[in-house]
Amino acid sequence: MKFSLTWLKDHLDTDASPAEIAAALNRIGLEVEGMEDPAERLAGFRIARVLTAAPHPDADKLQVLTVDTGEGDPLQVVCGAPNARAGMKGVLGLPGAVVPANGMELRKSAIRGVESNGMMCSVRELELGDEHDGIIELPDDAPVGTGFAEYHGASPVFDVAITPNRPDCMGVYGIARDLAAAGIGTLKPLPVPQFAVSGACPVEIRTDDAQGCPAFYGRTIKGVTNGSAPEWMQQRLISAGQRPISALVDITNYVMLAYGRPAHAYDTAKLTGAVVARRAADGETVLALNEKTYTLTPEMTVIADDHGVHDIAGIMGGEDSGCSDNTSEVLLEVAYFDPERIGATGRALGLTSDARGRFERGVDPAFLDDGLAILTGLILDICGGEASEPVHAGAPPTERKTVNYTPCLAETLGGVAIAEDEQRATLASLGFEVADDWTVTVPTWRPDVDGAPDIVEEVVRIHGLDSIQSVPLARKDGVALPTATPQQVLERRLRRAAAARGLNEAVTWSFLPTADASHFAQEGQPLWVLDNPISEDMKAMRPSLLPGLLSAARRNLDRGADGLRLFEVGRRYFRNADGSSDERLTLGVILAGDKSPRSWAQTVNGGKSAAFDAYDAKAEAMALLAEAGAPVDKLQVMGDAGDQFHPGQSGTLRLGPKNVLARFGALHPLTLAAFDVAGPVVAVELFLDAIPGKKGAASFARPAYSPPALQSVMRDFAFLVPASLPAGDLLRVVKGADKANIVDARIFDDFRGAGVPEGSKSIALEVTLQPGDKTYKDEDLKAITDKVVTAAAKLGAELRG
Amino acid sequence: MPSGILLLCVARRLALAGVPMTELQNRKDTSLSAIAAADTLDAVEALRIDALGKQGWISQLLKTLGKMSPEERQAQAPVIQAARGEVADALAQRKQALEHAALEQRLVAETMDLSLPAPDSPRGTVHPVSQVMDELAEIFADLGFSVATGPEIEDEWHNFSALNMPESHPARAMHDTFYFPDHDADGRRMLLRTHTSPVQIRTMIEGGAPVRIIAPGRVYRSDSDATHTPMFHQIEGLVIDKDIHLGHLKWTLETFLKAFFERNDIVLRLRPSYFPFTEPSVEVDVGFAVEKGADGKDRRVLGGSGDAPGHAWMELLGSGMVNRRVIEMSGLDPDEWQGFAFGVGVDRLAMLKYGMDDLRAFFDGDVRWLQHYGFSPFDQPTLSAGVGASA
């Protein structure tokens, strides 16, 4: 909401400076988003008289003027305006002045070889309007040499953000009332004019939709002349960011901006029969003033005549019955529309307007008569004519709410003790009536106030929130227990563990292009797809963290990155059976490009760069699962990581047959192709929700342990096994062959080739044995070896000689 | 017997044994000088054999002792033993010197160019948003706030209606909501939460009162420019108790912001505002000055009153006393319980503290950016070491 200081002073008697007013507005909750002083913008522009005008020697359309600036010798100015002529007065920009419209600084220059010492300006160049047919022509009495800002009456303009609860402040008058309550001047009485009326309204006005339009007041004015609005009104509208159109339109806009009261003027000549507020018929259309056609539904209220709809009630007038230069009689509409209806209609049509903004927040239902009178008075003054008697169709809901208030609430809720007298005075100045027992009657223009906390807000904001003193929250007794849930602790721990392993944490969008999301979708889990995405690239909620990371990897590789280690901790989005959201905390890892770069050191991959492989993915998965406290020894590697993965180089890590804690491996070449990434790329997804939490009550003490007194013993075994046997299976049975003695086993060789039959492989293990009380004797070792060999044999393993 | 005579006797007896004293002396000198001159370990070994080997001259002399009379032995043994000791020491010394020289030579040959780079372990980083979330959790833990979470795909009721924004409420339009075509079992339209405030409702419904929580997380609004992204992060604070008022809110915000920015001179300005879910509602500004950083770039530095010379106010967060209707809809009695809530942008806090200037870069995953603005995993915020991680 923008308004000038001059406009404000129509309603507020004050000597406060613009800065004081701005500070007060901020203090009482009317946030000043900007303040602009046109005097500053117009500095360097002054009133000048053209003394002579002669054709430019080298340009047909230019003239060379000599101009009297009120001081010193006349200046020579080159001008292209057709209306520039000797004797006229206009606005001259001197060198150094900045043209408001384009920010250009004027300089002494030569235009086609002729010196020019400034610029005669048009309305548009000074941003005073749209006109650009020629330079500004000022009346003869304009004082030459005076600064144009001063002459023009430029006034500082406030740009105030009005919160949606304050429709009363969507008019200058309401803002003046708030300022007066805050001690910035005195509110002037409403200027309700007296004028003669002649005869009944010749147009029948009716409301057939008492719910959507409880009240429709109106009257006609005949014999009007619709020219331009007077200069002062145009200036105010421009300061408010409105484009002047014609006197009748401008006056309705002016009343809306000054009093927060939207109104509409119909050209009576374009109406047929009664003008009625009613529900729209299904499919009925209207061409609105924005030159778009809207198709209406029966939930919408319209103003119509015998021929059709002329107004989407409270939102936008129709093109067909709008006022034009030829309008000689108008029908004024000052109505009260149901806020919810207006909001719903506006949303359904996707149509916003200044009127809708006010009606849906709630205009003052008791301001219909005065609003109509003020509107009529302005039209009679400016356009002439004769007003009919007013017509009142329906009645607005003017019943006033009451609130039971207790003055101590200012302290117990608002945190500041305010004297009762002050509270009464504040409420009274805002239009509230306070009874002796503190029953507060709410003014009709405050639809937002309906409870005691609202009253607290009123008295506290006018008193000033800066007087609220900080009061510490009570510290809870006892030991500070962890404030994070186990899953939050897990998330934090894994994030830092991943970073400590050299991975860079990324945060990628939760939404993806639908194709990317589909590529990673899970069977039986339809994607969440937005109805109104901001772009097609942000449409479907991710079913996996990998597509987002993969796209980030592509962007990095495209920028020339060599090796990428990215991870993210975030949610995947699925559905519960009841339609609610099932969001699962997940850690995703992408390893792409070079694992290690070319190196001078031959010991690292012979000095050549190395790519990541599925084992790197497994290493991350296992390390992070271990950090997460998962029983990594009990995990089984199984297949079925998903179609997105290389079928022979990927797997899942499961605890039991069903609980998948992670999937890992090389991504499928087709996945890489779909994401336009050069491979190989390996990936991990850790499903944090699947990792079992600690059981039982938290305990700090660990199980008792003392290192064994006797040294452990190593034994190597080499087995021939079928090439298809997972080495991990062999490892598991060997480890389990004699749990009393075998404390560890490690595979250190996987060999195929000379000496190993076709279809077999040789797996060598190093087994660590831990003696208890006594050192092993030969027969003990023999017995253990036999157990290992027997256990391995069950998998078809044969001890190599 | 005078000592002179005894000496004579010894000399004579030695002579008798076939090794005159002078010869012993000579042989010893010869051995010692040969040892000193030996330049290989092999030569030293040869000299050892020559002197101390089974057939070595000292060994031979020692063998003669057995055949001597006790007197002779008593006289000769110390002399021979002394010579043996002297030669053995010389051998050992020479050997050690030669070994040492050889080792030194080998080490010289083993010299590495240590200006070559060592094998590199990649440096990992924590994203600034996560770091700041951890910092906030730490600060608020000290104030007794637990961390709560809720779904990002919400229903209309939790995101709007329960927060006193019925369907027709104009404030809904200000939220630029992303909607799904789906509805939940209660027929409520599903959407992406526009703020973390629905966690207030869920927390009160599930846990009742009193409440002291923060709720960090992703939120979504259909908005995109240099300072707005369609996804961003918020942290919600909620305190519900018997006698909580705006003074407690002010203290909590001051305490949190001072702790977060690690500055005692943080000054807040409270302005009346409007949020449907709070009444009264308070917008909070913080004073700042523009200062030139070490990199020569202008930077907003929080601290001081916005009204002080060279300072201004910036909007930082929205807050207020929880609206009675919200408390009621969360199943609590608003005559018994009251409290405050606030919401603040986490990305914004990160930018103000750590100096990033483009929000969009947060979500691009550019490793150069992540490594520049990211944090070491060991920068875990703690109260004792300071919650902030210095540059």
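Computed from heavy atoms alone, side chains included, the values below leave out hydrogens, waters and symmetry copies. Chain letters run A, B, ... following the sequence lines, proteins first, then strands; residues in each count from 1. The shown structure was predicted, so the numbers you read here are calculated from the model rather than taken from an experiment.
- Both the backbone and the side chain of B/Met231 come within contact range of chain A, with heavy atoms under 4.5 Å apart.
- Using a 4.0 Å cut-off between charged nitrogen and carboxylate oxygen, A/Arg475 and B/Asp142 count as a salt-bridge pair.
- Heavy atoms closer than 4.5 Å to chain B are found in both the backbone and the side chain of A/Ile534.
- Heavy atoms of A/Arg571 lying under 4.5 Å from chain B belong exclusively to its side chain.
- Classification of the A/Trp509-B/Phe363 ring pair by plane angle, with boundaries at 30° and 60°, yields tilted.
- When heavy atoms are compared at a cutoff of 4.5 Å, A/Glu568 approaches chain B solely by way of its side chain, counted from C-beta outward.
- Contacts between A/Arg27 and chain B at a heavy-atom distance below 4.5 Å involve the backbone alone (N, CA, C, O).
- Ion pairing between B/Arg193 and A/Glu583 fails under the 4.0 Å rule for side-chain N and carboxylate O.
- Looking at A/Asp466, the atoms closer than 4.5 Å to chain B (heavy atoms on both sides) all sit in the backbone: N, CA, C or O.
- For chain B, the nearby part of A/Leu564 is the side chain; its heavy atoms alone come within less than 4.5 Å.
- Using a 4.5 Å cut-off between heavy atoms, A/Trp528 contacts chain B through both its backbone and its side chain.
- Of the two parts of A/Glu340, the backbone and the side chain both hold a non-hydrogen atom closer than 4.5 Å to a non-hydrogen atom of chain B.
- Only the side chain of A/Arg575 comes within contact range of chain B, with heavy atoms under 4.5 Å apart.
- Residues B/Val367 and A/Leu566 come closest through the heavy atom pair CG1-CD2, 3.7 Å.
- Looking at A/Ser599, there are no atoms closer than 4.5 Å to chain B (heavy atoms on both sides), in backbone or side chain.
- For chain B, the nearby parts of A/Ala500 are the backbone and the side chain; heavy atoms of each come within less than 4.5 Å.
- For the side-chain hydrogen bond (donor to acceptor under 3.5 Å, both in side chains) with B/Ser130, the lone residue among A/Arg492, A/Glu505, A/Arg496 that qualifies is A/Glu505.
- A/Leu413 touches chain B through backbone and side chain together, each having a heavy atom under 4.5 Å away.
- When all heavy atoms of A/Asp450 and B/Arg325 are compared, the closest pair comes out as OD2-NH2, 2.7 Å.
- Within the 4.5 angstrom heavy-atom criterion, no atom of B/Glu154 approaches chain A.
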